[in-house]
Amino acid sequence: MRHRPIPGSSGSVREMSLLGDRLLHAPCEPVTDFGPELHRLVEDMFATMYAADGVGLAANQIGVARRVFVYDCPDDEDVRHLGYVVNPRLVEADGIEVRGAEGCLSLPGLEAPTSRFDRAVVEGVDLSGAPVRVEGTGFFARCLQHECDHLEGLVYADRVTGWRRSWVRRAIRRAPWGGRADWPHPAPSPNPPGE
C-alpha cells in the first residue's frame, strides 16, 4: 500500500473564475518559480477541482495566470488518470474527431457538443522541473485538450460551431452568472499595438 498524501488534502478551495473573467480569455504565462508557492497552487487546484466535482482544472480558472493544470479523469475504459502538468504543451492531437458533450467548471450548468480528437499527448514538467509526458485517449484526451485550451485563453464554447454556437450563446445569457459574461469575446490580436 502506498503512503502518499491525497492530492488536494492540504489545499484550500479557491473561488472559481466564471466566463467573462479576463484571465479566462488570455494566454497564461509560463511557470518560472518552482518553489513552495507552486506546490501550494497545485494543492489548492486539486482541492478546488474536487470541491466542484470536476475532472480537470486550469490555474486561470482560480484566478492565477500561470501554465498549470490538474486532472483526475477516467478514459473511455474507465481507467483513472490522476496528476498535474506544469508548463504543458499539447504536442499531439490526432485519431478520429469525436463530437461529445463537454462542460466546464467556469460555465457551470452548461454542456454543448464539442469536437475533439480521441487521442492527445501533453508534455511539460513536474513540480521539480523534471519532464513529464501524459498520453490520453477518449474522454481523458478530451480533458487534456480542454485544459490546454484554457491555458491559451479559450473555453470549450469557443470551439462550438454552427447552430450549437447560437444555442450556447442563448444558454449563457439565461444562466444565473451569464449577465457578466461577455461571450463570444473578440479574438486577441496576434500582434499587440506597438509591436
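We're numbering straight along the sequence, starting at 1. Note that the structure is predicted; figures quoted are calculated from it, not measured.
A salt bridge links D149 to R116: at least one charged side-chain nitrogen sits closer than 4.0 Å to a carboxylate oxygen. Between R133 and E123 there is a salt bridge, with a side-chain nitrogen of the basic residue lying less than 4.0 Å from a carboxylate oxygen of the acidic one.
Taking CE from M16 and CG from L107, the interatomic distance works out to 11.0 Å, rounded to the nearest 0.5 Å. The structure places CZ of R174 at 9.0 Å from CG of L110, a figure rounded to the nearest 0.5 Å. How far CG of D21 is from CG of N60: 8.5 Å, rounded to the nearest 0.5 Å. To the nearest 0.5 angstrom, F34 atom CZ is 9.5 Å from H39 atom NE2.
Within the 4.5 Å cutoff, side-chain heavy atoms of I96 are placed close to those of V98. A 4.5 Å side-chain heavy-atom check between T114 and Q145 finds every atom pair outside the cut-off. Taking 4.5 Å as the limit, every side-chain heavy atom of Y84 sits out of range of all side-chain heavy atoms of M45. In this structure, R164 and P113 have side chains that are in contact, with non-hydrogen atoms separated by less than 4.5 Å. Side-chain contact between V134 and F140: present, with at least one pair of heavy atoms (C-beta onward) separated by less than 4.5 Å. Contact of the L151 side chain with the F69 side chain is registered, since non-hydrogen atoms from C-beta on lie closer than 4.5 Å. The side-chain heavy atoms of E43 and R40, taken from C-beta on, include no pair separated by under 4.5 Å. A 4.5 Å side-chain heavy-atom check between P7 and V70 finds every atom pair outside the cut-off.
Taking hydrophobic clusters as Ile, Leu, Val, Met, Phe, Trp and Tyr residues chained together by side-chain heavy-atom distances below 4.5 Å, V31 shares a cluster with F46. By the rule that hydrophobic residues join a cluster once side-chain heavy atoms approach within less than 4.5 Å of another member, I62 and V68 end up as members of one cluster. Under the 4.5 Å side-chain contact rule for hydrophobic residues, V55 and V79 do not share a cluster.
Formation of a donor-acceptor pair under 3.5 Å by the T137 side chain with backbone atoms of D118 is not found in this model. Put simply, the side chain of E147 gets close to the backbone of A58: a donor and an acceptor are under 3.5 Å apart. Side chain of H150 to backbone of L24: no donor-acceptor contact under 3.5 angstrom is found. The closest donor-acceptor contact from the side chain of W177 to the backbone of L18 lies at 3.5 Å or more, if one exists at all.
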TODO: Start with the C-alpha gap between D72 and Y50, add the side-chain angles, then the distance that decides, and say whether side chain to side chain donor-acceptor pair (under 3.5 Å) holds.
DONE: CA-CA 9 Å; D72 187 345; Y50 289 138; 2.7 Å; yes
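Counted within 6.0 Å of CD on E15, heavy atoms from surrounding residues, nucleotides or ligands total 12 or fewer; the atom is thus considered open.
Partner of E152 under the salt bridge (charged side-chain N to carboxylate O under 4.0 Å, His left out) criterion, out of R67, R159, R89: R67 alone.
Under 3.5 Å, the side chains of S17 and Q61 contain no donor-acceptor pair of N or O atoms.
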